[in-house]
There are 2 protein chains.
Amino acid sequence: MSADPKIPPEGGPAFADHDHAQCAGNTLARAEAEAARLGARLTPVRKRTLEILLEAHRAMGAYEVLDRLAAEGFGHQPPVAYRALEFLVEHGLAHRVRRLNAFAACMHPGEDHAPVFLICRVCDAVAEADAAPVRGALDQVAAGHGFAVERANLEALGLCPACAARGE
Amino acid sequence: MSADPKIPPEGGPAFADHDHAQCAGNTLARAEAEAARLGARLTPVRKRTLEILLEAHRAMGAYEVLDRLAAEGFGHQPPVAYRALEFLVEHGLAHRVRRLNAFAACMHPGEDHAPVFLICRVCDAVAEADAAPVRGALDQVAAGHGFAVERANLEALGLCPACAARGE
DNA sequence: AGGCGATTGATATAGTATAACATGTCGGCC
DNA sequence: GGCCGACATGTTATACTATATCAATCGCCT
Ligand SMILES: [Zn+2]
Ligand SMILES: [Zn+2]
Ligand SMILES: [Zn+2]
Ligand SMILES: [Zn+2]
């Protein structure tokens, strides 16, 4: 039942130590501004979903998010979580991490970025890095095949600095 | 239903037109050599699974592979397909395409490569491109975060040359 | 023959995701 | 005010993807 081998530190920080409450609040504010700019309605479920992702500062599965939402009086069915998450992803307020079948809040809402995800295989922390250089190389390789890249999933699995220092 | 070399869609070839029977046979031979080199046993189910992937020359879901295997007298249960696929992936004879929850035969077995996948969103063809430049950029970006990349999933979605020419 | 690890198969279940329908809410518009 | 359509939320039901576990078998070595 709860013999979870991985113990993702509750609200674990991304790679760099930081004041996470401020980091989450900050990002939420930017996300709200971005939603307003887009004319996207950040309703209660959606906002709460985003807050949950931001507070955790890690990738969360849809059902994990759903449990939290349900515990707070929202719907108990999968579509409740999936719809909110889909909304966030579509509007660039969150990202889907396919390697983990999970979702993570976007740390740079409104910046129109193509992220690369750095996923620690030990602590499950997920950091969003700038993909511009990677994307450039990708576009060039693809061009060599006559292929036009529209979207890319770039996800790296490895060791975060903290876990590497801890001797993995 | 399979003869016209000009039409990619069903079981379509990768991006470049080619003699697919030869392409598949060739790759299978190289895969067998690689398996032998590794001391990996390419048993009937495993070999047939690889052949199925090679013949299709596209990414296939585990259950799709399972249906084929079952129709040919192998087991009818999911683990049959998942185990064979896992074996192939572990030995570098196939790759997992997470974006599609699917698997594709490796076109360069034994070359110790880190592939990038180019996935056509129209015809579902999947090409395996050299990821070395992409991987280099990725490593550099990751290093900037103190992150050590061990494995990466690099998958691009877009338009293959044939579909682009056909006016998308 | 007997032991042993690897392989295959079946049963059962876990985990992830979406289709389809019902209800409610909030606008503009007559 | 009353109507209407767009959207949001919620529910039921189901589809799709993946793994844990036990049982039988096979190849190989002693
Ligand atoms: Zn982002
Ligand atoms: Zn870590
Ligand atoms: Zn390959
Ligand atoms: Zn195509």
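Source: prediction; values computed, not measured. Order of the sequence lines sets the chain letters (A, B, ...), proteins ahead of strands, with each chain counted from 1.
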Subject >> NZ/NE/NH1/NH2 to OD/OE distance under 4.0 Å, B:Glu55 and B:Arg48 >> reply: yes
Subject >> Residue-phosphate contact under 4.0 Å: B:Arg98 side-chain N/O, C:dT16 OP1/OP2 >> reply: no
**OP:** May I ask you to verify if any side-chain N or O of B:Arg83 is less than 4.0 angstrom from the OP1 or OP2 atom of C:dA6?
**Re:** no
Original post:
Would you say the side chains of B:Asn153 and B:Arg98 form a donor-acceptor pair under 3.5 Å?
Top reply: no
Subject >> Between C1' of D:dA13 and NE2 of A:His76, the distance in whole Å >> reply: 18 Å
Subject >> Closest-nucleotide ordering on DNA chain C, the 5'-leading residue of A:Ala102 and B:Gly73 >> reply: B:Gly73
**OP:** Could you please name the option among D:dA8, D:dA20, C:dT18 that lies closest to any side-chain atom of A:Thr43?
**Re:** D:dA8
Original post:
Choosing from C:dG9, D:dG10, D:dA18, which nucleotide comes nearest the side chain of B:Asn101?
Top reply: D:dA18
Original post:
In whole angstroms, how far is the P atom of D:dT9 from the CG atom of A:Leu42?
Top reply: 10 Å
Subject >> Non-hydrogen side-chain atoms of B:Arg99 and A:Arg151 separated by less than 4.5 Å >> reply: yes
Original post:
So, is A:Arg41 near the phosphate of C:dT25, with a side-chain N or O under 4.0 Å from OP1 or OP2?
Top reply: no
Original post:
What integer distance in Å separates B:Leu88:CG from C:dT7:C1'?
Top reply: 14 Å
Subject >> Nearest-angstrom distance from the residue atom CG of B:Leu100 to P of C:dA17 >> reply: 14 Å
Original post:
Between A:Pro78 and A:Phe87, which has a closest nucleotide on DNA chain D that is more 5'?
Top reply: A:Phe87
Original post:
Between the side chains of A:Thr27 and A:Arg30, is a donor N or O closer than 3.5 angstrom to an acceptor N or O?
Top reply: yes
Subject >> Donor/acceptor link under 3.5 angstrom from B:Tyr63 side chain onto base of D:dA18 >> reply: yes
**OP:** For C:dA17, take OP1 and OP2 only and decide whether either is under 4.0 Å from a side-chain N or O of A:Tyr82.
**Re:** yes
**OP:** Please determine if a side-chain N or O atom of B:Gln77 lies less than 4.0 Å away from the OP1 or OP2 oxygen of C:dG9.
**Re:** no
Original post:
Looking at the side chain of A:Pro79, which of C:dT7, C:dT18, D:dG10 is the nearest nucleotide?
Top reply: C:dT18
Original post:
To the nearest Å, how far apart are A:Leu66 CG and C:dT16 C1'?
Top reply: 12 Å
Original post:
Between atom CG in A:Leu85 and atom P in D:dT9, what is the gap in whole Å?
Top reply: 13 Å
**OP:** Mind calculating the distance between CD (A:Glu86) and P (C:dA17) to the nearest angstrom?
**Re:** 12 Å
**OP:** Please tell me which of B:Phe103 and A:Pro44 maps to the more 5' nucleotide of DNA chain D, matching each residue to the nucleotide holding its nearest heavy atom.
**Re:** A:Pro44
Original post:
Closest nucleotide of DNA chain C for B:Gly75 versus for A:Gly61: which of these residues is on the 5' side?
Top reply: B:Gly75
Original post:
Do A:His57 and A:Met107 come close enough that some side-chain heavy atom pair is under 4.5 Å?
Top reply: yes
Original post:
Does some side-chain heavy atom of B:Tyr82 sit less than 4.5 Å from a side-chain heavy atom of B:Phe87?
Top reply: no
Subject >> Separation of atom NE2 in B:His91 from atom C1' in C:dA6, rounded to whole Å >> reply: 12 Å
